[in-house]
Amino acid sequence: MSGRDYQGYDAVIKSPLPGRDNRLAIVTQDDKLQKLLFVSHSTKLKQAKSSFAKSVVEQLEAYFSESDIKFTLSLGPDGTEYQKRVWNRLRKCPIGKVWTYGELARQIHSAPRAVGNACRRNPIPIVVPCHRVVSANGMGGYAGQTSGMYMSIKQWLLQHESAI
DNA sequence: TTAGGTAGTCTCG
DNA sequence: CGAGACTACCTAA
């Protein structure tokens, strides 16, 4: 078990996402959301440990039930300057809208491949909506994969948001 | 369909 | 550091 084990999580909740990794583990630091991880359905659930973690839980649950809520959480992801530039820009992508890697790249004067690299390392999926970035011809990837369970999650999220 | 271009990051040495 | 490899890509031919 490398990195944090589940005891390091500030909360673990159930989600309606498809697949085995349908629980969400929340990691905060100094009242900022630092990571959101897809963890296995066998991971122990955990009550929010702080009032900030509780508001993360509430907003996620609202998102799953209504799909068009806007997250108002301060974020503190670890990453390079460039990665944070990509993630910050991505937060401006409205619900129900989809950008291509190329479109996002033009907005920040970069290149599509580099954008894909940064999205791949997004530590806060859903809240930083990397599922809204697709390729010009296909779906792109999600959570580092281009097929499999995480792509199903990406599709689920897009479908959820288009069904407003 | 593929070749070549792109920007950022990672891995060796 | 430096070269080379590796991407959740894109465009032109």
Side-chain angles (χ1 to χ4, degrees), chain A residues 1-6 8-9 12-30 32-41 43 56 59-60 63-64 67-71 73-164:
Chain A
M1 200 164 298
S2 65
R4 277 172 202 275
D5 59 69
Y6 78 91
Y9 301 151
V12 178
I13 63 170
K14 258 198 274 200
S15 83
L17 297 172
R20 175 174 45 81
D21 286 1
N22 63 353
R23 293 193 172 184
L24 294 174
I26 290 154
V27 179
T28 71
Q29 187 178 294
D30 304 326
K32 291 180 195 305
L33 179 55
Q34 197 177 34
K35 290 186 201 171
L36 196 58
L37 301 105
F38 298 111
V39 294
S40 137
H41 59 71
T43 305
V56 175
Q59 292 194 28
L60 285 169
Y63 170 80
F64 285 126
S67 87
D68 70 342
I69 77 128
K70 197 167 157 53
F71 292 103
L73 297 165
S74 40
L75 310 185
D78 273 338
T80 65
E81 284 311 303
Y82 174 77
Q83 287 164 353
K84 287 187 250 187
R85 221 165 93 222
V86 172
W87 303 334
N88 281 329
R89 189 72 204 187
L90 189 45
R91 292 185 76 194
K92 298 187 173 29
C93 183
I95 292 184
K97 180 133 186 148
V98 186
W99 288 344
T100 64
Y101 297 96
E103 280 166 352
L104 180 45
R106 274 197 297 282
Q107 295 181 41
I108 63 169
H109 310 290
S110 181
R113 248 182 153 154
V115 165
N117 258 332
C119 291
R120 182 159 52 97
R121 293 180 169 76
N122 171 22
I124 316 182
I126 302 179
V127 179
V128 175
C130 53
H131 56 280
R132 288 182 209 141
V133 190
V134 301
S135 92
N137 302 314
M139 282 290 292
Y142 198 63
Q145 318 283 125
T146 53
S147 68
M149 179 175 55
Y150 290 116
M151 287 306 288
S152 311
I153 290 178
K154 181 174 190 171
Q155 302 206 65
W156 189 98
L157 292 167
L158 288 173
Q159 145 69 26
H160 179 61
E161 296 186 359
S162 70
I164 294 177

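The sequence lines fix the lettering, A, B, ..., with proteins before strands; numbering per chain opens at 1. Quick caveat: nothing in here was measured; it's all calculated off a predicted structure.
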Close side-chain approach of A:I95 and A:K70, heavy atoms under 4.5 Å:
no
Starting at atom CG of A:L104, determine the distance to atom P of C:dC10, rounded to an integer number of angstrom.
11 Å
Nearest-Å distance for atom pair CH2/P, residues A:W87 and B:dG8
14 Å
Looking at A:R132 and A:C93, would you say the former's side chain and the latter's main chain have a donor-acceptor pair under 3.5 Å?
yes
Dump the pairs, protein N or O against N or O of nucleotides 2-5 of chain B, anything under 3.5 Å, distances to one decimal.
| residue | atom | partner | partner atom | Å |
| --- | --- | --- | --- | --- |
| B:dG5 | O6 | A:R113 | NH1 | 3.2 |

A:K84 atom NZ is separated from B:dA7 atom C1', nearest whole Å, by 19 Å
Once hydrogens and angles are ignored, does a donor-acceptor distance under 3.5 Å link the base of C:dT7 to the side chain of A:N117?
yes
Report, as yes or no, whether the 6.0 Å neighbourhood of atom NZ on A:K97 holds more than 12 heavy atoms from other residues, nucleotides or ligands.
no
Taking the side chain as every heavy atom from C-beta outward, state whether A:H131 and A:E161 have any atom pair closer than 4.5 Å.
yes
Are the side chain of A:R121 and the backbone N or O of A:Q83 linked by a donor-acceptor pair below 3.5 Å?
no
Give me the atom names and distance for the closest heavy-atom approach of A:E103 to A:V98.
OE1-O, 4.1 Å
Paired stretches of DNA chain C - 3 or more consecutive Watson-Crick or G-U pairs, each distance under 3.5 Å
B:1-5 with C:9-13, B:7-13 with C:1-7
Between A:P129, A:P123, A:C130, which is the residue that forms a side-chain contact (heavy atoms from CB on, under 4.5 Å) with A:W87?
A:P123
Closest listed nucleotide, where the reference is the side chain of A:Y101 and the choices are B:dA7, C:dC10, B:dT9
C:dC10
When we call it a touch if two heavy atoms are under 4.0 Å apart, what does A:A114 touch: a base, just sugar-phosphate, or nothing?
base
Walking DNA chain B from its 5' end, the first of A:S110 and A:R121 to be reached, judged by nearest nucleotide, is A:S110
Give the table of side-chain donor-acceptor pairs shorter than 3.5 Å for residues 14-21 of chain A, with sequence neighbours excluded, one pair per line with atom names and distance.
| residue | atom | partner | partner atom | Å |
| --- | --- | --- | --- | --- |
| A:S15 | OG | A:L17 | N | 3.1 |
| A:S15 | OG | A:N22 | O | 2.8 |
| A:D21 | OD2 | A:Y150 | OH | 2.6 |

How is A:A105 classified with respect to the nucleic acid when contacts are heavy atoms under 4.0 Å: base, sugar-phosphate, or nothing?
nothing
Counting only non-hydrogen atoms, which of residues 145-153 of chain A are less than 4.0 Å from DNA chain C?
A:T146
By the 4.0 Å heavy-atom rule, please label A:Y82 as base, sugar-phosphate, or nothing.
sugar-phosphate
Within the distance-only criterion (no hydrogens, no angle test), does the side chain of A:W99 pair as donor or acceptor with the backbone N or O of A:A105 below 3.5 angstrom?
no
Send over the distance from A:R85 CZ to B:dG8 P, rounded to a whole Å.
7 Å
Rounded to whole angstrom units, what separation is found between the CZ atom of A:R106 and the C1' atom of B:dT6?
13 Å
Expected list for residues 127-140 of chain A near DNA chain C, using heavy atoms below 4.0 Å, is A:C130, A:S135, A:A136
Side-chain atoms of residues 135-149 of chain A: list all donor-acceptor pairs with protein atoms under 3.5 Å, sequence neighbours left out, distances to 0.1 Å.
| residue | atom | partner | partner atom | Å |
| --- | --- | --- | --- | --- |
| A:S135 | OG | A:N137 | N | 3.2 |
| A:S135 | OG | A:G138 | N | 2.8 |

One should read off an interatomic distance between A:S110 OG and A:Y82 OH, to the nearest 0.5 angstrom, of 3.0 Å
Just by distance, do the side chain of A:K154 and the backbone of A:V133 share a donor-acceptor pair under 3.5 Å?
yes
Polar contact flag, side-chain donor to acceptor under 3.5 angstrom, A:T43-A:Y9
no
d(A:L24 CG, A:L60 CG) to nearest 0.5 Å is 6.0 Å
